[in-house]
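Data first, discussion second: the structure below is written as structure tokens.
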Amino acid sequence: MDTYDATIERLRDAVAACALRHIAFIMDGNGRWATRRSLPRELGHKAGVEALRRTVTLCRDVGIRTVTVYAFSTENWKRPEAEVRAIMRLLDHYISDAEEGREKNRVRYVFLGDLSALQPEMAEKCRRLEKASAEYGDVLNIALNYGGRAEITAACNRLLAEGKTSVTEADVSAALYTAHCQDPDLIVRTAGEYRLSNFLLWQAAYAELYVTDTLWPDFALEDLAAAVDAFSHRTRRFGNLV
Ligand code: IPE
Ligand code: IPE
Ligand code: MG
């Protein structure tokens, strides 16, 4: 058995032992990766999409059944138009490939965010993919035009429109984009920044946080192993005494 397979097997055991069911990634550092290589930022995003493909496969190989990735924030529209267009084009390709490979991959895709701001064809493709993959058990949530504050605000407005005058935490959770899944156990941020940048603000309440200096396009098995190992040594108290 080579070291790759041995690592996967070791991580499978670790993931099961520490009940790591949902991992979320703030995929940061694409621009820095490109700049360090004197490449245009767009090529950093292209390498970032490759890292996304690799990482989703790795997570499933080690038995993590729900993965959430932060692909584009509500604040990322502030970037130069050409960069936004390049990112959208790359994501559009990724979604097309996911649509084509859905029967082989057997992943349930769910988009978190307001898709109405996207090109109508792209938004339609996202909706089609959600419907066509809804039967599968392993989940990939793609946060696209996502902001935690916008999500909570949209949930409040939805509950008000339903006629509610008072709400419970369960009502709010059920009105969020993530109503179909549990809260993340672990949030991994690449590229060294210690902040959430408006990601899963409600759902992160008791998530463990892990930051690595690795830039997202370089994220590989050893980085996932380091994150899982760190998680496995955390004591999650949820406010209780342990
Ligand atoms: C993350 O990489 C991708 C998106 C935010 C879409 P960045 O583009 O933020 O990379 P840095 O932070 O500039 O290196
Ligand atoms: C967070 O990264 C958003 C995504 C990864 C999609 P940013 O690069 O946009 O975050 P800030 O601006 O450094 O906080
Ligand atoms: Mg960034």
Side-chain angles (χ1 to χ4, degrees), residues 22-56 58-59 66-98 109-119 122-123 126 139-154 176-178 184 186-204 207-220 223-224 227:
H22 181 177
I23 190 167
F25 293 96
I26 301 176
M27 309 185 287
D28 198 17
N30 294 349
R32 276 163 278 179
W33 184 91
T35 303
R36 282 184 198 170
R37 287 166 173 71
S38 306
L39 296 170
R41 289 178 61 87
E42 179 180 347
L43 290 188
H45 295 305
K46 190 160 183 272
V49 172
E50 290 315 311
L52 166 60
R53 292 183 202 277
R54 281 198 313 272
T55 306
V56 171
L58 281 177
C59 288
T66 302
V67 178
T68 299
V69 294
Y70 204 3
F72 193 87
S73 76
T74 46
E75 287 71 37
N76 287 147
W77 297 106
K78 294 176 192 162
R79 296 186 180 202
E81 206 190 310
E83 178 166 347
V84 170
R85 227 180 303 121
I87 294 170
M88 288 301 166
R89 201 171 45 236
L90 287 161
L91 290 173
D92 189 63
H93 261 112
Y94 179 84
I95 295 160
S96 295
D97 288 349
Y109 294 87
V110 180
F111 291 88
L112 319 180
D114 177 10
L115 300 185
S116 70
L118 307 182
Q119 290 286 334
M122 186 172 172
C126 294
V139 175
L140 175 60
N141 296 312
I142 302 177
L144 179 49
N145 188 27
Y146 174 88
R149 288 185 173 188
E151 177 185 40
I152 295 166
T153 307
L176 297 176
Y177 296 122
T178 48
L186 173 63
I187 296 179
V188 173
R189 181 163 189 151
T190 55
E193 238 81 66
Y194 285 75
R195 55 177 172 260
L196 286 175
S197 301
N198 207 8
F199 187 48
L200 300 180
L201 296 182
W202 176 279
Q203 300 89 335
E208 295 297 323
L209 308 179
Y210 178 84
V211 176
T212 172
D213 285 335
T214 299
L215 304 176
W216 177 252
D218 292 327
F219 196 84
D223 301 288
L224 182 65

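The chain is numbered in sequence order, starting from 1. Just so you know, ligand 1 is whichever comes first in the structure, and atom 1 is the first atom listed for that ligand.
No part of K78 comes within 4.0 Å of ligand 2, judged by heavy-atom distances. Counting heavy atoms under 4.0 Å from ligand 1, residue I87 touches it through the side chain alone.
Taking a cut-off of under 4.0 Å to the non-hydrogen atoms of R189, the atoms of ligand 2 that pass are 2 (O), 10 (O), 11 (P), 13 (O), 14 (O). Against a heavy-atom cut-off of under 4.0 Å, A71 is close to the following atoms of ligand 2: 6 (C). Listed by number with element, the atoms of ligand 2 under 4.0 Å from a non-hydrogen atom of F72 are 6 (C). Within ligand 2, the atoms closer than 4.0 Å to a non-hydrogen atom of N76 are 3 (C), 6 (C), 9 (O), numbered from 1 in the order shown.
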Notebook entry, point to check: Given the rule in the salt bridge (charged side-chain N to carboxylate O under 4.0 Å, His left out) test, do R53 and E50 qualify, once you have shown the distances and angles that lead to the verdict?
Noted result: CA-CA 5 Å; R53 292 183 202 277; E50 290 315 311; 3.5 Å; yes
Margin query: The test is side-chain contact (heavy atoms from CB on, under 4.5 Å); show your working for I26 and V188 and say whether it passes.
Written below: CA-CA 6 Å; I26 301 176; V188 173; over 6 Å; no
Notebook entry, point to check: Between Y70 and M27, does a side-chain contact (heavy atoms from CB on, under 4.5 Å) hold up when you go through it step by step?
Noted result: CA-CA 6 Å; Y70 204 3; M27 309 185 287; 5.5 Å; no
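Ring to ring, F219 and F25 are close: their centroids are under 6.0 angstrom apart.
Nearest heavy-atom pair, L186 versus A227, reported as atom, atom and distance to 0.1 Å: CD2-O, 3.9 Å. Residue L200 comes nearest to A24 through the heavy atom pair CD1-CB, 4.0 Å, listed as atom of the first residue, atom of the second, then distance. What you find for D223 and T212 is that their closest heavy atoms are OD1-OG1, 4.3 Å. When all heavy atoms are compared, the tightest approach of M122 to D92 is CG-OD1, 3.4 Å. Contact between W33 and L43 at its shortest, heavy atoms only, is CZ3-O, 3.9 Å.
Not a single side-chain hydrogen bond (donor to acceptor under 3.5 Å, both in side chains) links Q119 to another residue, sequence neighbours left out. Residues satisfying the side-chain hydrogen bond (donor to acceptor under 3.5 Å, both in side chains) criterion with R89, sequence neighbours excluded, are E42. In this structure R149 satisfies the side-chain hydrogen bond (donor to acceptor under 3.5 Å, both in side chains) test with no other residue, sequence neighbours excluded.
W216 places no side-chain N or O within donor-acceptor distance of the main-chain N or O of T190, the cut-off being under 3.5 Å.
Looking only at protein heavy atoms, the nearest one to atom 5 (C) of ligand 2 is M27 O, 3.5 Å. Nearest to atom 2 (O) of ligand 1 among the protein's heavy atoms is N30 N, 3.2 Å. Of the protein's non-hydrogen atoms, the one nearest atom 10 (O) of ligand 1 is G31 N, 2.9 Å. Here the protein heavy atom with the shortest distance to atom 14 (O) of ligand 2 is S197 OG, 2.6 Å.
Residue contacts with ligand 1 do not include A191, since none of its heavy atoms lies under 4.0 Å from the ligand. Remark: distances from the non-hydrogen atoms of R32 to ligand 2 are all 4.0 Å or more. Using a 4.0 angstrom heavy-atom cutoff, H45 counts as in contact with ligand 1.
The protein does not reach atom 12 (O) of ligand 2 closely, with no heavy atom under 4.0 angstrom from it.
Checked against a 3.5 angstrom limit, the closest N/O atoms of R195 and ligand 2 fall inside it. Geometrically, ligand 1 and R79 share a nitrogen or oxygen pair separated by less than 3.5 Å.
Around the Mg ion (ligand 3), the protein N, O or S atoms closer than 2.8 Å are D28 OD1, listed by chain and residue number.
Cation-pi geometry between R79 and W77 is not satisfied (NZ or CZ under 6.0 Å from the ring centre, within 45° of the ring normal).
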